[in-house]
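To start, the structure under review is shown below, and the notes come after it.
Letters go in sequence order (proteins before strands), and every chain restarts at 1. Source: prediction; values computed, not measured.
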Number of protein chains: 2
Amino acid sequence: MGGFLVSSKDVAKYAGVSQTTVSRVLNTPELVKPKTVEKVMNAIEELNYIPNDIARSLVQKKTGIITLISGPLHNPFFVDTTTAIVNYVNARGYKVNVYFGTEDNLDSIYNSVLETKADAIILSSMLYKDDLFFKLEKLGIPFIMYNRKHQENRYFVEIDNVEAGYLATNHILSLGHRDVCWIGGPHEISTFYGRYEGFRNALKDSGIEVKNVPSFFTNTSKNDIKRIFEEILMLPTRPTAICAATDAIAIEILNLCLERGFHVPNDFNVIGIDNVELSKHHSIALTTVGLESEKNLGFIAIEKLFEVMEKKSACIQQTESVKLFPRNTTCKK
Amino acid sequence: MGGFLVSSKDVAKYAGVSQTTVSRVLNTPELVKPKTVEKVMNAIEELNYIPNDIARSLVQKKTGIITLISGPLHNPFFVDTTTAIVNYVNARGYKVNVYFGTEDNLDSIYNSVLETKADAIILSSMLYKDDLFFKLEKLGIPFIMYNRKHQENRYFVEIDNVEAGYLATNHILSLGHRDVCWIGGPHEISTFYGRYEGFRNALKDSGIEVKNVPSFFTNTSKNDIKRIFEEILMLPTRPTAICAATDAIAIEILNLCLERGFHVPNDFNVIGIDNVELSKHHSIALTTVGLESEKNLGFIAIEKLFEVMEKKSACIQQTESVKLFPRNTTCKK
DNA sequence: TAACAAAATGGTTACGTATTCATTTCTTTA
DNA sequence: TAAAGAAATGAATACGTAACCATTTTGTTA
C-alpha cells in the first residue's frame, strides 16, 4: 500500500485477462463483454489501480497539459486572467502548468517550457520583437499571446491599446486638466507602446504639444513606480492628473498618493487601463478603460487557443474594442 | 520543421554514436570524451533536438510536477500564497499544476489530481474530516496542507487560528466596542473553527455572553457576504465593529460599507485575519492579525514539502504564531 | 611489449500504456 | 449442421528515455 505501483499488467493478471483488455475496459468498454468489464473493474478496485497518465502521454503524444506563462499576481490584471484561464482549462479536462514571469526568471522559464511536451502554450510574456516567437513556431504546438502582440502579428488577443490610451487621456482632458503626465512601461512591449501612442494622439487632438508633457517609463515594479512618483512631485509644475498605462500602475499610484497624505482626486486625478476586478472595489473606485465585452481577456484567449487546438481556427489575430469606466479617481478640474 | 519529433535515437544516428551516449552527453557529460560530446552537441543543435521529458518521467518515475490545489484568487490570501508557491517550485526546477478549488469543482479536481503522477501535492482545500486525506496517504506521495488542518493532525502548516481570532477580537474590545459581531466560514474547515473559538474566548474573557453576540457564517462568496451584511444592517442593535474571519471577508465588507455610504471606521470598525498584501494598500489599510514571521504561509508550506520530498523531514505539523497589525479600519469607540 | 586498469562506448531492457493485427469465440443464416 | 460473419480477446509492438551490464578502446605500469 502506498508507493507500490500497480500497473494495468497487474490488473490483467489479477483479472485473468490480457493487458489489452484492461486498456479497453478503461477506454472503449463498449467493445468488451459486460461480464469481462465487471471482472476487470473488480480487479481495479481490489488492487487500487490508478492509470499512469505519463505512460499514456508517451504513447498518445498528448499530455493534456497547457502551459501558462503569466505575469506576476501582484499585478491584478494577471489575477483576473490567471483565474479565467486556469478555470477554463481545468473545466476542459486539461491541466495547467503555471509560471509567473519576471525579468529575472524568464529565460529559465522558457528553457523549462520548451522541454515540456505541453499540448499548447498561452503566454503574456512576449516582446514585440522576440526570438521566442520563432522558437515556439518551431516547437510545432499551438500557442497564443494575450495582452501582448509580436511583430509577426499572429496568434494574439489584445485590447485596442491605442484606443484605450486615447480614451483615458481624452477623459482627463475633457475634465479640464491640462497639466497631465504619463506613466508607462517598456516600449518593447506592444501593449505599452500602443497605449502611449493613444496618449500622444489625444494630446495632439487637443492641441497640446507632446514634448511638453512629462512621460515616465517604468519596469512596473513597485520600487520603480515609487521612484517615478517622487520625480513627479519634484516637477516644476505639478500635474493635476496622472495617466497610468495599466490599472496596476494606477493602483500603486493611489497607494503612494495616500501614503504621502494626498487626496485623490482632489490633489491628483488618476486613471488606469485594464478595468481589473480590483479597480471596482469601492475603496479603490479607479476610473479606467477596459474591455467593452463582459468577457475577461484571458478567457477570450484560452477559448481561442482551444479552437486552434481543435483545428477549428488556424490563426488568431484579435483586437477587442474598449470603453471608459468612469469612477471616483477623476473629476472636473 | 515543427511537429516532426526528433528523438535521441535520431541524434545518435546523426552523430554516429549510440543512443546511450546521447543520453550520457545530456546527463553525465563527464563520462564522455570531450570530442564525442562536441559531436553529439552539434547533432543536437543541427537537428533541433529537445529531450522528451514525458519519456524521462516514465523511466525515472519522477515527473518534476507539484500539484497545487489553491482556493480562488478573488481571495487575496490565495494570491499571496499561490505566488509564493509557484515561484518557489519553479525556482527549484519543478513545474506546478495549478487548480483553483471551489465547492463545485473539487470532486473533478480530485479525480484529475489522483491520476496525475505528481511528485508531491500541496493543497488548501481540505476539510477537518475529509476522506481525501486517506486517499492521498494511499497515493504514497508527499503532500502538505496549508491554512487547513485535518483531524489526523499531520502534514499541515497553519497559523495559530485560535490566537488570531482572540487577538483580533480583543483588539476590538480593548477599543471600547461592546456591540460586535462575527462573520466566519464553514466549521468543517479547521481555520474557521479555530478563529471562531478565539473570538468566543475573547468575549468570555471580557465577560461578554457569547450567545448574545451575533455570529454569521458564510460560504465566503461575495453574494453570501452581501446577504449577511444586509442581515447585520437589520439587527436590532447595530454593531459598531465587525470581526471577519479572513481579510477576504473583511475587504468585501469594506466594499459593501462604502457602497452603502457608510464610513469605516466611523460607522463600522472592521478587522480581518491573514494580513494579506492587499490589506496593506493605503486605500484599504485593513487592521488585521497575521503571521509574526515575515514569510508567507504558502512559502513556509512549500519549503517544508520539499524537505519531506528530500526525506529531510518525515511529518510536518506546524502552527505559526501571530500578531496584530493595527491600521485604519479600527479606532476607539 | 605484455598485462592490466581505467576510460569510453554500445547493446539491451524496462517504464506503463494504447494500438495494430491476428486469433479465438460466439451468432446468425442457409 | 456447416459456413460465414460479427464480436471478443490476446500477442506483439511502439512511444523516447535512463539504467544496467557487456564490450571495446585507451592509458599505465612492470
Side-chain angles (χ1 to χ4, degrees), chain A residues 3-41 43-44 47-65 112 114-119 139-141, chain B residues 3-44 47-65 114-119 139-141:
Chain A
F4 299 101
L5 59 166
V6 35
S7 72
S8 59
K9 210 175 278 181
D10 299 321
V11 173
K13 193 177 295 176
Y14 190 93
V17 298
S18 70
Q19 182 268 328
T20 306
T21 297
V22 174
S23 177
R24 263 194 286 257
V25 167
L26 269 71
N27 298 299
T28 52
E30 67 275 12
L31 298 182
V32 183
K33 196 161 56 171
K35 207 183 151 191
T36 311
V37 172
E38 198 190 320
K39 268 197 306 183
V40 171
M41 290 307 284
I44 286 176
L47 299 180
N48 228 304
Y49 166 71
I50 297 177
N52 184 324
D53 68 348
I54 293 291
R56 182 187 302 138
S57 295
L58 183 60
V59 61
Q60 290 191 149
K61 307 193 175 204
K62 281 195 178 185
T63 55
I65 293 177
S112 172
L114 292 173
E115 282 206 10
T116 306
K117 279 285 165 210
D119 291 346
L139 259 191
I141 65 175
Chain B
F4 299 101
L5 59 165
V6 35
S7 72
S8 59
K9 210 175 277 181
D10 299 321
V11 173
K13 192 177 295 176
Y14 190 92
V17 299
S18 71
Q19 182 269 329
T20 306
T21 296
V22 175
S23 177
R24 262 194 289 258
V25 167
L26 270 71
N27 299 299
T28 53
E30 68 275 11
L31 298 181
V32 183
K33 196 161 55 171
K35 206 184 151 192
T36 309
V37 172
E38 199 190 319
K39 266 195 308 182
V40 172
M41 291 307 285
N42 282 341
I44 287 175
L47 299 180
N48 228 302
Y49 166 71
I50 297 176
N52 183 324
D53 69 347
I54 293 292
R56 183 190 298 138
S57 295
L58 184 61
V59 62
Q60 290 190 149
K61 305 194 176 202
K62 281 192 178 186
T63 56
I65 293 177
L114 292 173
E115 281 206 10
T116 307
K117 278 285 165 212
D119 291 345
L139 259 192
I141 65 175

Base, sugar-phosphate alone, or nothing: which one does [X] contact when heavy atoms must sit under 4.0 Å apart?
{"X": "A/V17", "value": "sugar-phosphate"}
{"X": "A/D53", "value": "nothing"}
{"X": "A/T21", "value": "sugar-phosphate"}

* Asked: Got more than 12 heavy atoms from elsewhere within 6.0 Å of NZ, A/K13?
  ->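 At most 12 heavy atoms, drawn from other residues, nucleotides or ligands, come within 6.0 Å of this atom.
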Can you identify which nucleotide, out of [options], has its nearest atom closest to the [X] side chain?
{"X": "B/R56", "options": "C/dT17, D/dA18, C/dG11", "value": "D/dA18"}
{"X": "B/T36", "options": "C/dT19, C/dT17, C/dT9", "value": "C/dT9"}
{"X": "B/P51", "options": "D/dA14, D/dT17, C/dG11", "value": "D/dT17"}
{"X": "B/K61", "options": "C/dC15, D/dT17, D/dC15", "value": "C/dC15"}
{"X": "A/Q19", "options": "C/dT17, D/dA11, D/dA18", "value": "C/dT17"}
{"X": "A/T20", "options": "C/dT17, D/dA18, D/dA12", "value": "D/dA12"}

May I have the distance from [X] (atom [atom1]) to [N] (atom [atom2]), rounded to whole angstrom?
{"X": "A/E115", "N": "D/dT17", "atom1": "CD", "atom2": "P", "answer": "10 Å"}
{"X": "A/K9", "N": "C/dT13", "atom1": "NZ", "atom2": "C1'", "answer": "12 Å"}
{"X": "A/L58", "N": "C/dA18", "atom1": "CG", "atom2": "P", "answer": "12 Å"}
{"X": "A/Q60", "N": "C/dT20", "atom1": "CD", "atom2": "C1'", "answer": "15 Å"}
{"X": "A/E38", "N": "D/dT9", "atom1": "CD", "atom2": "P", "answer": "13 Å"}
{"X": "B/K117", "N": "C/dC15", "atom1": "NZ", "atom2": "C1'", "answer": "13 Å"}
{"X": "B/K62", "N": "D/dA19", "atom1": "NZ", "atom2": "P", "answer": "11 Å"}
{"X": "A/I44", "N": "C/dT17", "atom1": "CD1", "atom2": "C1'", "answer": "13 Å"}

* Answer yes if the side chains of A/S18 and A/T21 hold a donor-acceptor pair under 3.5 Å, and no otherwise. =>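 Yes, A/T21 and A/S18 have a side-chain donor paired with an acceptor closer than 3.5 Å.
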* First of A/R24 and A/K33 reached from the 5' end of DNA chain C, by closest nucleotide ->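 The answer here is A/R24.
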* So among A/I44, A/N52, A/L47, which one has a side-chain contact (heavy atoms from CB on, under 4.5 Å) with A/V6? ->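 The residue from A/I44, A/N52, A/L47 that satisfies side-chain contact (heavy atoms from CB on, under 4.5 Å) with A/V6 turns out to be A/L47.
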* Taking for each residue the nucleotide of DNA chain D bearing the nearest heavy atom, is the 5' side occupied by A/L31 or by B/Y49? ->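 Per heavy-atom nearest nucleotide, the more 5' residue is A/L31.
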Using a cut-off of strictly less than 4.0 Å, decide whether [X] has a side-chain nitrogen or oxygen near OP1 or OP2 of [N].
{"X": "A/N52", "N": "C/dT17", "result": "no"}
{"X": "A/S57", "N": "C/dT17", "result": "no"}
{"X": "A/S23", "N": "C/dA18", "result": "yes"}
{"X": "A/S8", "N": "C/dT17", "result": "yes"}

* Report the distance from atom CG of B/D53 to atom CG of B/L58, rounding to the nearest 0.5 Å. =>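 Rounded to the nearest 0.5 Å, the CG-CG separation comes out at 11.5 Å.
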* To do: Hey, could you give me the CD1/NZ distance between B/I50 and A/K117, rounded to the nearest 0.5 Å?
  =>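 Rounded to the nearest 0.5 Å, the CD1-NZ separation comes out at 6.0 Å.
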* Asked: Does B/K9 offer a backbone N or O that forms a donor-acceptor pair with the side chain of B/S7 under 3.5 Å?
  ->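 Flag set: sc B/S7 to bb B/K9 pair under 3.5 Å.
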